[in-house]
Amino acid sequence: MNGRALAALEIWNARNSAGRDRAFAAYMAFMVALVAVVPVARAVWVSVTSPAGVALFADVAAPGVASVIVAVLWAGALLVGRVRGPALLAPFLTHTLAMSDLRGTDIFLRPMLRATALIATATTTVAVTIGASLAQHGIVRVLDVALFGVGGLLVGAVTGVLWLTGQAVPRPAAVAALSILILAFVAFATPALQVVVPWAWAGYPTQMRAPMISALAALTAALLAAVPPMLNRLRHATLMAQSVRWDALVTHATGMDFASAVTMYQPHPRIGRRWRAVKPRRTLSATFFARDAIGAMRTPGRLAIGVAALAASGMLLALALTPGAPAWLLGAAAGVIAFGGLGPLTDGLRHAASMAADFSPYGVSDRTLVAYHLLFPLVVTVAVLLAVVGVAALLMAVPPGSAVLSALLLGVFALGIRVSNAVKGPMPTTLLAPMPTPMGDPMAAVRVIWALDALVLAALLGAAAASLFSMPLLFAGIAVAIVGTAAMRWQRRR
């Protein structure tokens with residue numbers, strides 16, 4: 001057999017192998033969708049088409065809330081782009097291609113379009129799902145649903161461009177994000193301004209207006225025209241920093257070390273470096289409180305996000321207590337957001353957990369050290385939840401006493417989850433060993449549950465707090481589980 005025949009045979013084998021690989025990948029994707037995606041999608045559809053879901057989407061305040069959500073999405077895209085933009089490749093490819101003579105559009109246009117398409121698919125799916133839920137009950141027409149779906153698609157496209165904007169011009173993006181958030185809440189309080197703010201142009205199925213969709217389409221076209229110049233101005237240093245950090249995050253997340261993965265994007269203190277954090281005061285508790293407060297204020301943006309997350313969790317919990325609201329869903333979201341918001345407030349707590357089980361340089365016991373570092377997050381949590389939930393309860397016609405009590409219990413026990421997570425330690429080696437069963441090896445799922453147990457507990461805690469007065473035993477059980485888990489991990493910390 002001559003050389004040409006051998007080469008042809010090799011090419012034929014390679015093509016067949018690639019075809020088999022693609023077929024196998026498509027088969028696996030179909031099976032995963034059939035087993036995991038379809039049941040979740042059905043559960044979501046049943047939830048949004050239930051009487052409680054339809055009542056929530058058909059509420060008079062729903063259009064205003066939807067516009068605020070779009071504004072928050074756009075502001076978040078600007079801020080996220082400053083730390084991880086859509087135009088990104090692996091570190092080696094980023095360095096090699098960005099240092100070449102190729103233009104930014106030749107290198108990063110494809111990943112940028114892929115990221116934008118993913119966001120646009122998600123926003124369109126959400127819009128069509130809301131519209132279809134209302135159309136199924138005869139509240140809106142099919143045309144309104146179609147227009148709202150187009151609005152969702154345009155919102156996703158704008159989000160992708162703003163994400164790239166945050167990557168290309170990070171400093172102006174931060175100012176623009178803050179301006180969007182301020183204007184969004186001003187417009188929400190003043191409905192007459194809804195006509196002029198772009199995030200309200202997507203409309204809502206119950207009040208669709210074609211001119212607003214046309215204005216949003218014109219805005220989207222103008223922003224898309226700015227994509228090539230922004231891709232061409234991306235700097236090599238920014239691209240490499242983002243690529244390396246993202247690659248490290250993926251590595252940690254693959255190993256289920258989510259705590260280390262989150263710290264990859266923790267900002268470094270830039271202000272207050274000369275502030276004296278550890279200063280002797282009248283009592284040791286005041287010294288630790290001031291130390292944690294000054295440490296948190298050295299990263300003001302992170303602190304503001306944490307406080308805002310606590311406020312959002314309180315508002316969601318108050319909304320969950322309104323009649324007809326999906327209490328379990330809103331409560332679970334409130335629990336997860338509260339747990340996340342406590343992160344910037346509990347740096348001292350994590351430091352205390354790392355110092356426990358070792359010689360204490362502060363001359364106090366481990367329990368006392370942890371208790372002192374709990375003071376600052378506890379005071380901030382109680383203050384924020386009292387203020388936000390009290391006002392939200394009055395505005396939503398919810399009994400203030402029950403709303404405040406549920407919120408305070410949520411905040412306190414979410415802090416308990418933080419304590420448990422701080423003394424959690426590394427994954428036990430017993431979880432790494434396989435365990436063959438007739439149904440397969442369940443240890444992969446067990447490892448995922450172990451890695452995400454704090455989020456699961458936070459979601460259950462929020463759902464139980466939203467149903468505190470109707471099912472108090474459920475909340476008591478979750479509280480006992482949190483305290484028991486923290487105590488067990490504390491005993492095994494050595």
Side-chain angles (χ1 to χ4, degrees), residues 37 39-74 76 119-156 158-159 184-185 187-189 191 194-195 197-210 212-213 216 312-337 392-393 395-398 459 462-463 466-467:
V37 178
V40 173
R42 182 183 180 279
V44 170
W45 176 251
V46 170
S47 177
V48 299
T49 55
S50 65
V54 174
L56 180 66
F57 295 141
D59 191 83
V60 178
V65 173
S67 67
V68 171
I69 291 174
V70 172
V72 170
L73 177 65
W74 288 357
I119 297 173
T121 301
T123 53
T124 305
T125 302
V126 172
V128 171
T129 302
I130 294 174
S133 171
L134 296 174
Q136 188 183 31
H137 290 76
I139 300 176
V140 298
R141 300 172 301 171
V142 176
L143 178 60
D144 297 328
V145 178
L147 287 176
F148 191 52
V150 173
L153 176 64
L154 296 176
V155 165
V158 172
T159 304
F185 287 102
F188 181 75
Q194 294 289 329
V195 182
V197 289
W199 43 86
W201 294 347
Y204 199 73
T206 55
Q207 43 180 261
M208 288 305 303
R209 300 174 184 173
M212 297 174 68
I213 294 292
L216 182 60
S313 69
M315 294 180 65
L316 282 176
L317 191 60
L319 182 62
L321 297 177
T322 57
W328 283 64
L329 180 61
L330 295 175
V336 172
I337 293 174
L395 294 176
M396 299 177 187
V398 176
S467 308

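Rounding to the nearest 0.5 Å gives a distance of 6.5 Å between CH2 of W74 and OG1 of T159. Atom CG of L319 is separated from atom CG of L330 by 5.0 Å, given to the nearest 0.5 angstrom.
You'll find the side chain of I69 stays beyond 4.5 Å of the side chain of L73, heavy atoms only.
Listed here is the closest heavy atom pair of G131 and P205: CA-CG, 3.9 Å. Here the closest heavy-atom approach between residue Q207 and residue P63 is recorded as NE2-CG, 3.5 Å. Minimum interatomic distance between A334 and L317 (heavy atoms only, all atoms of both residues): CB-N, 4.1 Å. Contact record, A333 with L316: CB-CD1, 4.1 Å, taken as the closest heavy-atom pair. When every heavy atom of A392 is checked against every heavy atom of A318, the shortest pair comes out as CB-CB, 3.9 Å. Scanning all heavy atoms of the two residues, the minimum distance from A320 to A327 falls at O-CB, 3.5 Å.
At least one donor-acceptor pair under 3.5 Å links the side chain of Y204 to the backbone N or O of F57. Listed for the S67 side chain is no donor-acceptor partner under 3.5 Å among the backbone atoms of W199.
Pairs of residues two or more places apart, or lying in two chains, never qualify as salt bridge (charged side-chain N to carboxylate O under 4.0 Å, His left out) while including a residue from residues 317-331. Each ring-ring contact (aromatic ring centres under 6.0 Å, His included) pair with one or both residues in residues 316-336, not counting sequence neighbours, would appear here, but there are none.
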(message) Quick one, T124 with V150, criterion side chain to side chain contact (heavy atoms under 4.5 Å, CB included). Give me CA distance, side-chain angles, the key distance, then yes/no.
(response) CA-CA 7 Å; T124 305; V150 173; over 6 Å; no
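Other residues, nucleotides and ligands contribute only 12 or fewer heavy atoms inside 6.0 Å of the CE atom of M315.
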Please tabulate, one pair per line, all N/O donor-acceptor pairs under 3.5 Å involving side-chain atoms of residues 134-149, not counting sequence neighbours.
from : atom 1 : to   : atom 2 : distance (Å)
H137 : ND1    : S133 : O      : 3.2
R141 : NE     : D144 : OD2    : 3.4
R141 : NH2    : D144 : OD1    : 3.2
D144 : OD2    : R141 : N      : 3.3

